Amino acid sequence: MITVRNLVKTIRHEAHTVEIIRDITFEIPDRQFTAIMGPSGSGKSTLLGLMAGLDWPTSGQIEIDGVDITQLNEDQMAALRGRKLGFVFQAYHLVPTLTAIENVMLPMEMLGDERDGAFPRAEHLLKSVGLHDRSAHYPTQLSGGEQQRVALARAFMMRPSILFADEPTGNLDSTNGKHVLELLWELNKTEGTTLILVTHDETLASRADRRIVLSDGRIVLDARDSQ
Ligand code: ADP
Ligand code: MG
């Protein structure tokens, strides 16, 4: 369960203070698939970064399973991230000197456990994003969409209980976008992963349990799928 309470993020820009997130409050129950939508500049990426503990709010609380992450130090936050959070960013952040499969295995290598299981799991994930024949390629040898799919496979590697993704299908053509959506959907249904996705994609949003729409740093619509 994620609880966001009276969240505010302001940024000093030259002479003035800009309010990017303006007093946002909501809860996300476990296993929910939420789409965060809204026009460009409305604060979607900022909100996602705050919820994932990658950025600090100006005020307000964010609780993940009862722990207020705004009170954690860097080490405590890193431990929580490694244990239960996964991310897919708009920029892929792949390690250029590692192959696709090595990039996917990286989170597990860094924790140093379950190494024997790492290779087959990474292979399985690359296959499920349609890249089994690209596993030995380096990021520069992959297209933008392929890099995005490697990043997605890497985010799934540790079986996160919460996955945050910023426009995960934004750079993909419709076939690959569909692949990724199916993968996210499957993860949500079979592994019970809580999904919080920023998206402009109507197809993706229509599969979500809920959509939260932001405008100018505020929630202007919070709708649950009635189906
Ligand atoms: P979205 O993801 O919905 O497009 P963002 O969360 O990226 O929106 O940004 C929300 C607003 O905050 C935008 O107007 C953006 O220009 C501004 N903003 C974001 N980060 C910064 C920053 N580091 N410094 C100044 N303004 C920022
Ligand atoms: Mg954004």
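All values below were derived from every heavy atom in this structure, side-chain atoms included, with hydrogens, water molecules and symmetry-related copies excluded. One-based numbering, in listed order, for ligands and for the atoms of each. Just so we're clear, the structure is a prediction, and the values are computed from it rather than from any experiment.
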Q. Heavy-atom contact under 4.0 Å between V18 and ligand 1?
A. no

Q) Hey, does I11 come in under 3.5 Å of ligand 1, counting only N/O atoms on both sides? A) no

Q. Considering distance alone, does some N or O of I20 sit under 3.5 Å from an N or O of ligand 1?
A. no

Q. Quick one: does atom 8 (O) of ligand 1 have a protein heavy atom under 4.0 Å from it?
A. yes

Q | Atom indices of ligand 1 within 4.0 angstrom of P39 heavy atoms, with elements | A | 3 (O)

Q | Distance flag for atom 25 (C) of ligand 1, protein heavy atom under 4.0 Å | A | yes

Q | Nearest-contact summary for atom 10 (C) of ligand 1 - protein heavy atom, Å | A | G41 O, 3.4 Å

Q. Considering only protein heavy atoms, which is closest to atom 3 (O) of ligand 1, and at what distance to one decimal place?
A. K44 NZ, 2.8 Å

**Q.** R22 atom CZ, neighbour heavy-atom count above 12 within 6.0 Å
**A.** yes

Q. Are side-chain heavy atoms of L85 and I64 found at a separation under 4.5 Å?
A. yes

Q | Qualifying ring pair (Phe, Tyr, Trp, His ring centres under 6.0 Å) pairs with a residue from residues 64-88, counting only residues at least two apart or across chains | A | F87-F89

Q. Mind checking whether S45 has an N or O less than 3.5 Å away from an N or O of ligand 1?
A. yes

Q: State, without any angle test, whether S45 and D166 hold a side-chain donor-acceptor pair at a distance under 3.5 Å.
A: yes

Q: Say whether T25 and R5, considering side chains only, have a donor N or O and an acceptor N or O under 3.5 Å apart.
A: no

Q) Among all residues two or more places apart in sequence or in another chain, which pass the ring-ring contact (aromatic ring centres under 6.0 Å, His included) test with H132? A) none

Q. What residues form a side chain to side chain donor-acceptor pair (under 3.5 Å) with T58, not counting sequence neighbours?
A. T10

Q. Does G43 come within less than 4.0 Å of ligand 1, judged by its heavy atoms?
A. yes

Q) Any idea which heavy atoms bring P168 and V198 closest together, and the distance? A) CD-O, 3.6 Å

Q.
Whether the D68 and T70 side chains hold a donor-acceptor pair (N or O, under 3.5 Å, no angle test) is what I'd like checked.
A. yes

Q. Can you tell me if NZ on K127 sees more than 12 non-hydrogen neighbours from other groups inside 6.0 Å?
A. no

**Q.** Numbered atoms of ligand 1 (with element) below 4.0 Å of T46, judged on heavy atoms
**A.** 5 (P), 6 (O), 9 (O)

**Q.** Heteroatom count (protein N, O or S) under 2.8 Å of the Mg ion (ligand 2)
**A.** 1

Q) Is it the case that one hydrophobic cluster holds both M37 and I2, taking links as side-chain heavy atoms less than 4.5 Å apart, direct or via other members? A) no

